[in-house]
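Each chain gets a letter, A, B and so on, in the order the sequences are listed, and its residues count up from 1. Note that this is a predicted model, so its numbers are computed, not measured. Values below: every heavy atom of this structure, side chains too, minus hydrogens, waters and symmetry copies.
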Number of protein chains: 2
Amino acid sequence: MDKPGPGARVRLQQAAVELFRERGYDGTTAAEIAARAGVTERTFFRHFPDKREVLFDGQAVLVDALTASIVDAPAELGPLDTLFRAFRSVTTLLEDNRPFSKPRQEVISATPALHERELSKLEALSEALALALQGRGVPALPAALAARTGMASFAHATLAWLEDGEPGLSHHLELAERTLRSMFRGRPSPVPTLDVVVGTTEFPSGGQE
Amino acid sequence: MDKPGPGARVRLQQAAVELFRERGYDGTTAAEIAARAGVTERTFFRHFPDKREVLFDGQAVLVDALTASIVDAPAELGPLDTLFRAFRSVTTLLEDNRPFSKPRQEVISATPALHERELSKLEALSEALALALQGRGVPALPAALAARTGMASFAHATLAWLEDGEPGLSHHLELAERTLRSMFRGRPSPVPTLDVVVGTTEFPSGGQE
DNA sequence: AGGCCGATGTCAGTCACTGACAAGGAGAGG
DNA sequence: CCTCTCCTTGTCAGTGACTGACATCGGCCT
């Protein structure tokens, strides 16, 4: 009904954000998004594996930029320093995209299903970072922990920046980094030799991670 | 077809794990789970808001135990010490539940949709911990970062323990804690005064958080 | 022209999930 | 013992996400 190939995907993404903002995620059907983009529902699902995914696409660019920065970081930097250096290296990239990210994030934050998907993406990002760190010789465990810890700061900073707006991403990021590091400066607490404390009731279907 | 009230929920959970292990999550319909539990599909959805949720139920117990431990932790403990003390306090609880948790985790790990839901639960747990820390006077930002960081260690330890089996959860947890703390003992790296590094291409639909 | 290919439309079908309404059983009160 | 009520479940009909199979159309290569 409209243009040909490459345009459809982008039109679908735009239409999706618009509609989600107008009627909410649940109040919007995939068919409606497709219609506004000038294609059929089937075409929607050819471009995106599911309705949520239409909002998550730029991730690849971020991953590439971050891993690139990690790869060519000075060899003497520790994992955390490497990570935060990488985060700093993408602040301008993210700041340029604020016009797109802001409305998108509003929709995501307002929709549990989308928030869930976002967590998935963040975890994937964490794993990619952990992999990149391992490429620098960092053992698996510290790499994984550093990646998650770093991502927590980065994600928190980005979130805060998208809401507050002004202080700038770099500022929020720096704040998060300082806060994180200061948390580990307390009494190292000799890790008391395992004193079990609880020993409670049963619990049915299990529940942990 | 079967028993009355309280039993149905549990039967549904058991039937779900069994079937997921036999035919996989995607190869199992909600109706089939219900049938094996001796109820109708509608009843399934009366007990669980969606098909995934049937595997996530014990979380509440964990949250309660952890927050309880945080609440009555010695006032002089810092956020991280408080958290790891809490984690240690629930190890026996988790270890007792291994017979249930193990198969459940296998299913979850094998199913993207379930893994996604699990991340959601873990985030909820993180937020609960952050809240509990704030109750101790810890400011919001450090509370949030500590909670995420701690959860990363806890989750990682639990995962490793469920796979390896033997070393014991406490052991894995202690290892994670040591690793985490040692990561922050490197050169504090004076946080170089913001040197932007990249400034790359555009990117369409945004992608951050 | 002939033929290949990628993007799209069409159709039919499965399954997750929901609202509305009726039925059955257990306990409280008469 | 009867009845009213509450709680749990069954039944039915419907929406919407997602999929597989097949036909079509517009380039592009030869």
Expressed as a whole number of angstroms, how long is the span from [X]:[atom1] to [N]:[atom2]?
| X | N | atom1 | atom2 | value |
| --- | --- | --- | --- | --- |
| D50(B) | dT18(C) | CG | P | 8 Å |
| I33(A) | dG16(D) | CD1 | P | 13 Å |
| K51(A) | dT15(D) | NZ | P | 16 Å |
| F48(A) | dA7(C) | CZ | C1' | 14 Å |
| E53(B) | dT18(C) | CD | P | 12 Å |
| E41(A) | dA7(C) | CD | P | 20 Å |
| F45(B) | dT15(D) | CZ | P | 18 Å |
| F44(B) | dT18(C) | CZ | P | 11 Å |

Nearest to the side chain of [X], heavy atoms from C-beta on, is which of [options]?
| X | options | result |
| --- | --- | --- |
| R42(B) | dC17(C), dT19(D), dT18(C) | dT18(C) |
| T43(B) | dA16(C), dT19(D), dT9(D) | dT9(D) |
| T40(A) | dC15(C), dG9(C), dT18(C) | dG9(C) |

- [ ] Classify the angle between the aromatic ring planes of F48(A) and F44(A) as parallel (below 30°), tilted (30 to 60°) or perpendicular (above 60°).
- [x] tilted
Open item on the list: Looking at H47(A), I'd like to know whether one of its side-chain N or O atoms comes within less than 4.0 Å of OP1 or OP2 on dT8(C).
Closed with: yes
- [ ] Map Y25(A) and R46(A) onto DNA chain D by nearest heavy atom, then report which one ends up closer to the 5' terminus.
- [x] Y25(A)
- [ ] Looking only at non-hydrogen atoms, find the nearest pair between V138(A) and A143(A) and report the distance.
- [x] CG1-N, 3.7 Å
Open item on the list: For a 4.5 angstrom cut-off between non-hydrogen side-chain atoms, does R88(B) reach R85(B)?
Closed with: yes
Open item on the list: So that I can tick it off, tell me whether E106(A) and K102(A) are bridged by a salt bridge, with the cut-off set at under 4.0 angstrom between side-chain N and carboxylate O.
Closed with: yes
